[in-house]
Amino acid sequence: MTDRKIVIPGEMIVKGEDYLPGEGTEKRGGEIVALKFGLAEESGKLVRVIPLSGVYQPRRGNVIIGKVEDINFNGWNVDIGAPESAFLSLMEVPRYVDKNGLDEVMDIGDMMIAKIWNINKRGIDLSIKTHGFGKIEEGMIIKINPHKVPRVIGKEGSMVKMIKDETLCNITVGQNGFIHIKGDKIEDELLAKEAIMFIAQKSFVSGLTEQMAEWFKNKKGGKK
């Protein structure tokens with residue numbers, strides 16, 4: 001299997017004892033079978049399925065974009081689009097915060113970029129200690145299906161790099177499907193948004209990087 005292909009649960013992806021089942025697949029006899037609806041791909045004999053639908057499943061280390069939904073005495077409850085909300089503790093803010101002034105740092109309804117640093121029985125713990133993380137002050141935020149995020153990022157970040165280079169925007173892709181776009185001009189931000197939505201709609205297509213390059217060429221050619 002050289003090209004990605006759409007598979008449905010129960011469908012055989014490849015046959016042969018050399019192949020190993022990866023995420024979203026299982027081995028049945030000498031076949032690797034899909035467990036999810038999505039894009040099947042093979043890398044070094046490891047076969048996996050990239051889901052194209054479903055809810056966000058949080059993982060430790062994920063960068064996410066979330067909305068503050070509540071404030072208590074020691075931190076913020078954050079909606080990250082998962083079945084349960086996440087929590088940002090005062091301890092994970094990279095500066096001193098007065099416990100009586102949490103809303104001055106981030107208020108209910110504010111959006112933030114954060115990282116999931118821990119998941120346990122109590123819930124999902126966030127951190128904004130990384131440079132560039134924290135409250136989003138400017139730019140626009142768009143939402144796509146979280147399972148289409150890998151297509152927006154591309155192999156080794158190639159797709160999102162192309163969008164950044166073509167639009168001159170800073171782009172932060174949250175694994176939960178929220179994407180922050182910040183450019184010097186609203187026209188640049190809107191072009192980046194349009195490009196990302198194009199990828200989300202064409203996420204099942206092979207050769208998408210080449211299609212995206214042609215898309216930008218046509219867009220910029222039409223402006224001349």
Side-chain angles (χ1 to χ4, degrees), residues 1-8 11 13-14 22-24 34 36-44 46-57 59 62-67 80-81 111-113 115 132-133 136-224:
M1 184 176 65
T2 53
D3 293 330
R4 289 174 170 176
K5 65 175 183 178
I6 292 181
V7 292
I8 59 173
E11 182 177 348
I13 304 171
V14 290
E23 187 176 358
K36 299 177 180 179
F37 168 68
L39 281 176
E41 71 168 14
E42 180 241 321
S43 176
L46 180 70
V47 181
R48 68 174 183 143
V49 173
I50 303 169
L52 292 178
S53 63
V55 298
Y56 169 61
Q57 298 296 327
R59 291 186 177 180
N62 278 179
V63 173
I64 57 89
I65 294 174
K67 178 188 283 188
I80 63 171
M111 302 292 291
M112 71 167 78
I113 300 170
K115 176 177 282 190
F133 286 13
I136 296 173
E137 304 275 7
E138 299 177 293
M140 69 169 63
I141 296 169
I142 63 173
K143 175 75 169 72
I144 64 170
N145 187 296
H147 292 292
K148 298 186 178 184
V149 163
R151 294 293 265 168
V152 173
I153 295 174
K155 288 186 178 179
E156 298 179 352
S158 58
M159 189 73 86
V160 74
K161 182 181 184 302
M162 182 193 301
I163 302 171
K164 288 177 179 179
D165 291 344
E166 293 285 350
T167 65
L168 304 179
C169 289
N170 291 318
I171 299 172
T172 301
V173 182
Q175 294 290 339
N176 59 338
F178 289 90
I179 301 172
H180 177 231
I181 304 168
K182 174 67 179 74
D184 291 334
K185 296 185 290 186
I186 185 66
E187 291 86 354
D188 294 338
E189 294 177 354
L190 289 171
L191 181 61
K193 175 185 176 181
E194 193 177 350
I196 291 166
M197 299 313 289
F198 178 86
I199 294 167
Q201 291 166 3
K202 301 276 188 178
S203 59
F204 55 89
V205 175
S206 60
L208 190 53
T209 304
E210 292 77 14
Q211 284 199 32
M212 200 71 245
E214 187 65 24
W215 184 89
F216 273 118
K217 184 179 176 182
N218 293 335
K219 280 285 178 182
K220 298 201 168 181
K223 287 184 176 180
K224 292 178 182 177

| request: Indicate yes or no: at least one non-hydrogen side-chain atom of M140 is less than 4.5 angstrom from one of L190. | output: yes
| query | Going by heavy atoms in the side chains, are I50 and H147 under 4.5 Å from each other? | reply | no
| Heavy-atom closest pair, residues A40 and I13 | CB-CG2, 3.7 Å
| message | Using only atom types and a distance under 3.5 Å, with no angle test, would you say the side chain of N176 pairs donor to acceptor with the backbone of P146? | response | no
| said: For K143, is the NZ atom crowded, meaning more than 12 foreign heavy atoms sit under 6.0 Å from it? | reply: yes
| Nearest-0.5 Å distance that lies between atom CD in Q201 and atom CE in M197 | 6.5 Å
| task | Can you measure from CD (E11) to CD1 (I6) and round to the nearest 0.5 angstrom? | result | 10.0 Å
| message | Quick check for you: to the nearest 0.5 Å, what is the distance between K193 atom NZ and I179 atom CD1? | response | 11.5 Å
| Can you check whether L191 reaches F216 side chain to side chain, under 4.5 Å on heavy atoms? | yes
| request: Report yes if the side chains of K67 and I136 come closer than 4.5 Å at any heavy-atom pair, otherwise no. | output: no
| At their closest point, which heavy atom of A34 faces which heavy atom of V49, and how far apart are they? | CB-CG2, 4.1 Å
| What's the verdict on side-chain contact (heavy atoms from CB on, under 4.5 Å) for I80 and Q175, showing C-alpha distance, side-chain angles and the deciding distance? | CA-CA 10 Å; I80 63 171; Q175 294 290 339; over 6 Å; no
| query | What's the spacing between E42 CD and K5 NZ if we round to 0.5 Å? | reply | 11.5 Å
| query | Does any non-hydrogen side-chain atom of T209 lie less than 4.5 Å from one of M159? | reply | yes
| said: Within the 4.5 Å heavy-atom criterion, are M212 and M162 side-chain neighbours or not? | reply: yes
| message | Holding to side-chain hydrogen bond (donor to acceptor under 3.5 Å, both in side chains), I want the full list of residues that pass it with D184, two or more places apart in sequence or in another chain. | response | none
| query | So, for F178 and I141, which heavy atoms are closest and what is the spacing to 0.1 Å? | reply | CD2-CG2, 4.0 Å
| note | V149 and G174 have their tightest heavy-atom pair at CG2-O, 3.5 Å
| task | Of all the heavy-atom pairs spanning C169 and G183, show the shortest one and how long it is. | result | SG-CA, 3.7 Å
| said: Donor-acceptor pair, distance only, cut-off 3.5 Å: does the side chain of K148 make one with the backbone of A200? | reply: yes
| Would you call I181 and I163 a side-chain contact if the rule is heavy atoms closer than 4.5 Å? | no
| query | Does any N or O in the side chain of H180 come within less than 3.5 Å of the main-chain N or O of M112, such that one atom is a donor and the other an acceptor? | reply | no
| said: Around atom NZ of K202, are there more than 12 heavy atoms from other residues, nucleotides or ligands closer than 6.0 Å? | reply: no
| Do you know which two heavy atoms are closest between V63 and F133, and how far apart they sit? | CG2-CZ, 3.9 Å
| task | Give, for atom CD of E41 and atom CZ of R48, the distance between the pair rounded to the nearest 0.5 Å. | result | 4.0 Å
| I64 backbone acceptor or donor facing N62 side chain under 3.5 Å | no
| request: Give the C-alpha distance, both sets of side-chain angles, the deciding distance and a yes or no for salt bridge (Lys or Arg N to Asp or Glu O under 4.0 Å) between E166 and K219. | output: CA-CA 10 Å; E166 293 285 350; K219 280 285 178 182; over 6 Å; no
